[in-house]
Amino acid sequence: MLDTNIISNPPVRTRIAPSPTGDPHVGTAYIALFNRCFAHQHGGQFILRIEDTDKKRSTERSEKDILDSLRWLGLQWDEGPGCEGEFGPYRQSERSHIYKSHINQLLAKDCAFPCFCTAGRLNSLRKEQMEQKQQTGYDGKCLSFTKEEAESKISAGESYVIRIKIPAEGECEFEDKLRGPVNISWSQVDMQVLVKSDGLPTYHFANVVDDHLMKISHVIRGEEWINSTPKHLLLYSYFDWEVPEFYHMPLLRNPDKSKLSKRKNPTSIGYYQAMGYLPQALVNYLGMMGWSMPSGEEKFSQQEMIENFNIARVSLGGPIFDIEKLDWLNGKYIREDLDDDAFRKLFSEWAFNDEKVRQIVPLIKQRVERFSDVAKIGSFFVSGELDLNVVDFANKNLDTDAELKILQYSLWELEALKQWDREAIESCLLKLCALMELKIRDFLVPLFVSISGNVVSTSVIESIFILKLDITRARIRKGIEVLGGISKKRAKLMEKEYRAFS
RNA sequence: GUCCCCUUCGUCUAGAGGCCUAGGACACCUGGUUUUCAUCCAGGCAACAGGGGUUCGAAACCCCUAGGGGACGCCA
């Protein structure tokens, strides 16, 4: 076991640095929880920094969803967007001038170099290396330019990136505080791009600069970063900065042990909210991934976790995110922690909040004769997984294969939507229907059944809009599963066909 | 392919050389309570990946093998 006595001076500062490029991920919440507990246990601060240096994929909407999700879970940050401290701004897109001055320092020190290689050359280089079963990586072509040559290329307007120089030999040894020493040979480390051709920094560069400037003392992050730690350490040494402590947490896994992914599991925090889990139960559950209370108690609040936290007791085997146990824990919270009044309030807010009910009413109203008809046709709006059977999908105009395609392609369409509004949903589904050369009434059948549990129901497009993507995705997946599922091989073919016409 | 990390019941985990005949929880099974069911309670099933060392003593320390995972992007 490793010594984990923490010197409480300088102050402990940890951070979570999500990239706003998709749905808020439970893995983000998991890492956030451990960072927050560690910082607060030591009387330090937990910082939130938005890593939006990928201009193409970052969206405001995703950033907002991530912030909302973390707040919902009670993972409030001490410094970050909306909570400005003295080390802001906390959005990397607002810190460009900082990276610019820092990259100039590295260039001046000859620790980095401009690279003019095109994406095309890099791709074929990689391909070649793969074919020859070599390790992939930049070959250092642009290293041979003199400063003058490079400068004239730049002033001639050639597009370029800036890469880090890597020692030619030797190895990098560093200490992972959870595992002990790790050695990685420099020959294994790529000449990572630090600044992209759009002038924005990559994660590796911005992350190190910001961690230093924001006085991050302990970097607690996913295990996936172990291999890039040498690059980060090299930057610290080029800048002659003090190095933080590194703790690499195990990765959350799918039941098949692969890294938790939305292809195989619901990973969006919004899904768990939409399914009616309590935030404190979800956080508690994440806290038992790789960690346990010294007492063995499995139900604990975040405050109790902070009081009893000891990062040295994190176990390193990748925990499988097991929804069955989450369900049990959530039920325990509902039974033990909610009195009837609290249950009533939370449930009605979850199921019948004004916004949702306002959307549902016009759909339901025209189809009922008595209020007593409402529950029957509207229950799917307040359900999680539906009870479906293969016979529910029976249709004389479509075979199972066609239905599977409709479901899978529709899901891909919906997942690709930038904006979640009914017009966008309608037009992408209609477009798909036309491309598949199907009648709309046939096309919609598997969707109706998957989403509402019945061929006869309120408008499926409206329903999808109201249920939102997380629940829609789960229901379409269930539909696919009930229809027999899609094999890996089949999925590949489908993807190819889908790409061809979308 | 190269490198790195990991390995205790099906799953989450306890375990800091002797408290280990390996403990708890979920799931599953049995029984009890309950007008049904669920809850709740009691019990059961079930693991140290394999092989070598080190040691009086190994789940724990070391080595090898196997298995799993991750990284190898102008993504983070």
Side-chain angles (χ1 to χ4, degrees), chain A residues 1-4 17-22 25 27-28 50-58 92 115-119 122-123 126 129-138 159-163 171-172 174 176 178-180 182-190 192-207 221-231 248-260 285-299 312-329 331-332 334-336:
Chain A
M1 272 295 167
L2 295 153
D3 179 12
T4 53
S19 155
T21 53
H25 198 282
T28 306
I50 298 292
E51 308 235 338
D52 54 351
T53 55
D54 185 343
K55 228 177 179 170
K56 286 174 223 119
R57 296 197 306 144
S58 296
Q92 291 184 329
C115 167
F116 303 89
C117 294
T118 60
L122 262 20
N123 280 339
R126 191 173 308 126
Q129 288 167 331
M130 299 249 257
E131 270 163 22
Q132 293 180 17
K133 307 216 173 214
Q134 290 172 324
Q135 140 193 20
T136 57
Y138 184 60
S159 168
Y160 69 101
V161 300
I162 297 172
R163 290 179 183 275
E171 59 178 19
C172 175
F174 65 93
D176 176 297
L178 296 177
R179 292 155 231 269
V182 177
N183 295 285
I184 296 173
S185 156
W186 286 119
S187 64
Q188 288 296 320
V189 181
D190 195 21
Q192 179 66 49
V193 171
L194 300 179
V195 177
K196 298 177 268 191
S197 56
D198 63 4
L200 290 175
T202 56
Y203 164 85
H204 301 281
F205 184 57
N207 179 266
R221 49 159 41 158
E223 198 178 11
E224 53 197 329
W225 297 106
I226 290 180
N227 284 287
S228 30
T229 304
K231 289 185 261 207
H248 292 98
M249 297 288 297
L251 260 23
L252 260 24
R253 311 289 187 93
N254 296 312
D256 68 1
K257 301 222 181 223
S258 58
K259 175 171 152 178
L260 189 66
Y285 181 68
L286 290 172
M288 38 200 277
M289 303 275 86
W291 190 78
S292 59
M293 279 291 230
S295 65
E297 179 55 56
E298 297 201 278
K299 183 173 170 235
R313 287 188 62 253
V314 166
S315 56
L316 299 175
I320 290 168
F321 193 91
D322 174 17
I323 292 183
E324 264 181 4
K325 188 145 186 182
L326 205 212
D327 287 344
W328 163 78
L329 228 207
K332 198 168 161 70
I334 287 177
R335 289 188 299 271
E336 295 176 3

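By convention in this document, chain letters (A, B, ...) are assigned in the order of the sequence lines, proteins followed by strands, and residues within each chain are numbered from 1.
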Applying the 3.5 Å cut-off to both distances, the Watson-Crick or G-U partner of A71(B) turns out to be U2(B)
Side chain S185(A), main chain S187(A), donor-acceptor under 3.5 Å: yes
Between CG of N183(A) and C1' of C5(B) the distance, given in whole Å, is 13 Å
In whole angstroms, the gap separating C1' of C12(B) from CD1 of I323(A) amounts to 14 Å
Q. Is the shortest side-chain N to carboxylate O distance from R179(A) to E223(A) below 4.0 Å?
A. yes
Result for 5'-nearest mapping on RNA chain B, choosing between I226(A) and P319(A), is I226(A)
Separation of G24(B) atom C1' from W291(A) atom CH2, nearest Å, is 15 Å
On the side chain of K325(A), is there an atom forming a donor-acceptor pair with the base of A25(B) - under 3.5 Å, no angle test? yes
Mate of C40(B) across any strand shown (Watson-Crick or G-U wobble, both atom pairs under 3.5 Å) is G32(B)
Answer for the Watson-Crick or wobble partner of A27(B), both distances under 3.5 Å, is none
**Request:** Write down the distance separating the C1' atoms in C26(B) and C45(B), rounded off to the nearest Å.
**Result:** 14 Å
**Prompt:** Does Q129(A) reach the main-chain N or O of G137(A) with its side chain, forming a donor-acceptor pair under 3.5 Å?
**Reply:** yes
If pairing means Watson-Crick or G-U wobble with both distances under 3.5 Å, then the partner of A59(B) is none
Among the nucleotides A25(B), U11(B), U13(B), whichever has the atom closest to the side chain of S315(A) is U13(B)
Between CG of L326(A) and P of U11(B) the distance, given in whole Å, is 18 Å
Side chain T53(A), main chain L200(A), donor-acceptor under 3.5 Å
no
Atom CZ of R179(A) and atom P of C6(B) are separated, to the nearest Å, by 6 Å
Test your reading of the model: is there a side-chain donor-acceptor pair from T229(A) to the backbone of W225(A), 3.5 Å cut-off?
yes
From CH2 of W186(A) across to P of C4(B) the rounded distance in Å is 14 Å
Residues at least two apart in sequence or cross-chain that pass side-chain hydrogen bond (donor to acceptor under 3.5 Å, both in side chains) with K196(A), listed by chain then number, are none
Exercise. Which whole number of Å gives the distance between the P atom of U7(B) and that of U13(B)?
Worked result: 11 Å
Q) Expressed in whole Å, how much space separates the P atoms belonging to G51(B) and G15(B)? A) 26 Å
Assert: residue with more 5' nearest nucleotide on RNA chain B, out of S292(A) and D322(A), is D322(A)
Quiz item: If we take the C1' atom in both C72(B) and C61(B), what is their distance in whole Å?
Solution: 33 Å
Taking G69(B) as the reference, what is the distance to C28(B) when you measure between their P atoms (whole Å, please)? 27 Å
request  = Give G222(A) one of three labels, base, sugar-phosphate or nothing, depending on what nucleic acid heavy atoms sit under 4.0 Å from its own.
outcome  = nothing
The reported gap from NE2 in H25(A) to CG in L252(A) (rounded to nearest 0.5 angstrom) is 8.0 Å
- Task: Using the P atoms only, state how far C5(B) lies from G10(B), rounded to an integer number of Å.
- Result: 27 Å
- Query: How far does the P atom of A16(B) sit from the matching atom of U54(B), given to the nearest Å?
  - Reply: 24 Å
Margin query: I'd like to know if the side chain of Y285(A) reaches the main chain of D322(A), judged simply by a donor and an acceptor atom lying under 3.5 Å from each other, with no hydrogens or angles considered.
Written below: yes
With no hydrogens and no angle check, is any side-chain donor or acceptor of D190(A) less than 3.5 Å from a backbone partner on Q192(A)?
no
Q.
Counting the atoms with a prime plus P, OP1 and OP2 as sugar-phosphate, which does G318(A) contact under 4.0 Å by heavy atoms, base, sugar-phosphate, or nothing?
A. sugar-phosphate
Report task. Would you indicate whether the side-chain heavy atoms of V195(A) and Y160(A) approach each other to under 4.5 Å? Result -> no
Rounded to whole Å, CD1 of I320(A) lies from C1' of U7(B) at a distance of 12 Å
Taken to the nearest whole Å, CD/E171(A) to C1'/C4(B) is 12 Å
Q.
Regarding K299(A) and E336(A), does a basic nitrogen lie under 4.0 Å from an acidic carboxylate oxygen?
A. yes
For A49(B), the nucleotide meeting Watson-Crick or G-U wobble distances (both under 3.5 Å) is U65(B)
Under a 3.5 Å limit on both distances, the Watson-Crick or wobble mate of C19(B) is none
- Task: Would you mind classifying the nucleic acid contact of M289(A) as base, sugar-phosphate or nothing, using non-hydrogen atoms under 4.0 angstrom?
- Result: sugar-phosphate
In 5'-to-3' order, the base (B), backbone-only (S) or no-contact (-) status of each nucleotide in nucleotides 69-76 of chain B, using a 4.0 angstrom heavy-atom cut-off, is SBSSSBBB
* Provide the distance between the two P atoms, one in G23(B) and one in U39(B), to the nearest whole Å. => 25 Å
Item to complete: Apply the test side-chain contact (heavy atoms from CB on, under 4.5 Å) to residues S19(A) and Y203(A): give CA-CA distance (whole Å), side-chain angles for both, the deciding distance (0.1 Å), then the verdict.
Response: CA-CA 9 Å; S19(A) 155; Y203(A) 164 85; over 6 Å; no
Next on the checklist: Need one value for E298(A): base, sugar-phosphate or nothing, where a base atom within 4.0 Å counts as base even if backbone is also close, heavy atoms only.
Outcome noted: base
Pairs under 3.5 angstrom, nitrogen or oxygen only, protein versus nucleotides 37-39 of chain B, please.
residue, atom, partner, partner atom, Å
U39(B), O3', R335(A), NE, 3.4

